[in-house]
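Shown next, in structure tokens, is the structure this report addresses.
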Amino acid sequence: MARHLVATGECLAAEDLDGALAHAENASRRAGRVAIVREVLGFVHYRRGEWAEALREFRTARRLSGSNHLLPHIADVERGLGRPDRAIELAQEPEAQALGAADRVELAIVVSGARRDLGQDQAAVQTLRDLVRASPPGRSWSARLYYAYAESLLGVGDAGEARTWFARSLEADRDGITDAADRLGDLDGIDITDFGEDEAEPSGTDQPVTGTDQPADDPEPPSEGPDRGSTDGSASGDRGTDR
């Protein structure tokens, strides 16, 4: 079982999601009553965007362990399933108040995203405002929190302040978990193009050099989710970063 869990982590790091699923399912067949096994399988489904399967595994792991540390990820999966109101309800449960600091921040990121899903842009900003002011750059969650706050500020049309917090996210992001640099480039109107290797032009012709735009982005990861999703997740694009 342990070897399959290690192999699952290696596959996830290599973005081999099919291999990760195969190893995680093998571990689950061998030790399906072990909480960490079901949790790992849940994260594989989460990374694959298989929300219903992720929700099933996370709930099972939570029941087996008696721990609520997966609550932010469960809430983010509810967003992925198109139920942002349910994500907000989970954050209001008594168990959410007993979470550790890092998990409370992750849950707040998810709730902010859920508020934006519902068109409640000012509430999305308010959800994170006090947290960002209380979180110095050295915290493990600061890069993702600053990024999510910047996203919420864009939602209310405050591009200037959003740029400030994307820049702070970039400064705090020592591990490169967000695409804050790309977002800053977008806000500054910078288009980074890869022109590839130099090639000799046919004589007598005047051909322009062309390039390929590079795609941006998290999350979560959780972030999940919780990533967790993308840079921020997260469950739906911005959640890997804004969980």
Side-chain angles (χ1 to χ4, degrees), residues 35 39 42-43 45-47 49 51-52 54-135 139-156 165 169 177-178 218-243:
E39 179 176 334
F43 275 116
H45 285 303
Y46 182 89
R47 288 280 296 274
W51 312 125
L55 183 60
R56 179 189 66 231
E57 298 301 328
F58 284 157
R59 283 175 171 171
T60 300
R62 185 185 183 191
R63 184 178 69 251
L64 290 172
S65 68
S67 171
N68 294 308
H69 71 280
L70 287 173
L71 199 56
H73 305 285
I74 293 172
D76 201 30
V77 169
E78 292 288 2
R79 281 187 71 196
L81 288 168
R83 300 193 291 247
D85 51 342
R86 178 57 182 154
I88 295 170
E89 290 172 6
L90 285 169
Q92 296 170 346
E93 291 184 355
E95 293 83 354
Q97 310 310 311
L99 292 173
D103 289 328
R104 289 200 306 273
V105 170
E106 290 297 332
L107 187 55
I109 291 173
V110 174
V111 170
S112 179
R115 293 293 186 187
R116 288 193 288 117
D117 293 344
L118 294 169
Q120 300 170 0
D121 295 323
Q122 287 291 348
V125 173
Q126 292 295 331
T127 298
L128 300 180
R129 178 167 289 161
D130 290 341
L131 281 175
V132 298
R133 293 172 177 172
S135 295
R139 300 292 187 182
S140 61
W141 60 77
S142 294
R144 285 169 36 75
L145 176 60
Y146 296 169
Y147 186 104
Y149 186 54
E151 288 279 18
S152 70
L153 289 166
L154 284 180
V156 296
W165 286 99
S169 174
I177 60 174
T178 75
D218 156 175
E220 166 74 188
S223 113
E224 6 109 95
D227 145 248
R228 301 180 177 173
S230 63
T231 48
D232 93 259
S234 114
S236 67
D238 55 303
R239 281 170 207 115
T241 49
D242 77 342
R243 261 247 329 259

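Predicted, not measured: the structure shown is a model, and the values here were computed from it.
- Rounding to the nearest 0.5 angstrom, the gap separating the OG1 atom in Thr127 from the CZ atom in Arg116 is 10.5 Å.
- Taking the side chain to side chain donor-acceptor pair (under 3.5 Å) definition, one finds that Ser140 meets it with nothing, sequence neighbours left out.
- Applying the side chain to side chain donor-acceptor pair (under 3.5 Å) test to Asn68 and every residue at least two apart in sequence or in another chain returns Arg62.
- Residues passing the side chain to side chain donor-acceptor pair (under 3.5 Å) test with Arg63: none are found, sequence neighbours excluded.
- One finds the CG atom of Leu81 at 10.0 Å from the CG atom of Asp76 (value rounded to the nearest 0.5 Å).
- When all heavy atoms are compared, the tightest approach of Ser169 to Thr178 is OG-OG1, 3.8 Å.
- With sequence neighbours left out, Glu95 forms a salt bridge (Lys or Arg N to Asp or Glu O under 4.0 Å) with no residue at all.
- With sequence neighbours excluded, the residues that form a side-chain contact (heavy atoms from CB on, under 4.5 Å) with Leu64 are Arg33, Ala35, Arg38, Thr60.
- Looking only at side-chain heavy atoms (C-beta outward), Asp121 and Val125 stay at 4.5 Å or farther from each other.
- Between Arg133 and Arg129, some side-chain heavy-atom pair lies under the 4.5 Å cut-off.
- Under the side chain to side chain donor-acceptor pair (under 3.5 Å) criterion, Ser135 pairs with Trp141, not counting sequence neighbours.
- For the atom pair CZ (Arg79) and CD1 (Ile88), the distance works out to 9.5 Å, reported to the nearest 0.5 Å.
- With sequence neighbours left out, Arg59 forms a side-chain contact (heavy atoms from CB on, under 4.5 Å) with Leu55, Glu78.
- Atoms CG and OG, from Leu131 and Ser112 in turn, are 10.0 Å apart once rounded to the nearest 0.5 Å.
- For Ala123, the side-chain contact (heavy atoms from CB on, under 4.5 Å) partners at least two apart in sequence or on another chain are Arg115, Gln120.
- Of all heavy-atom pairs spanning Ile74 and Phe58, the tightest one is CG1-CB, 3.7 Å.
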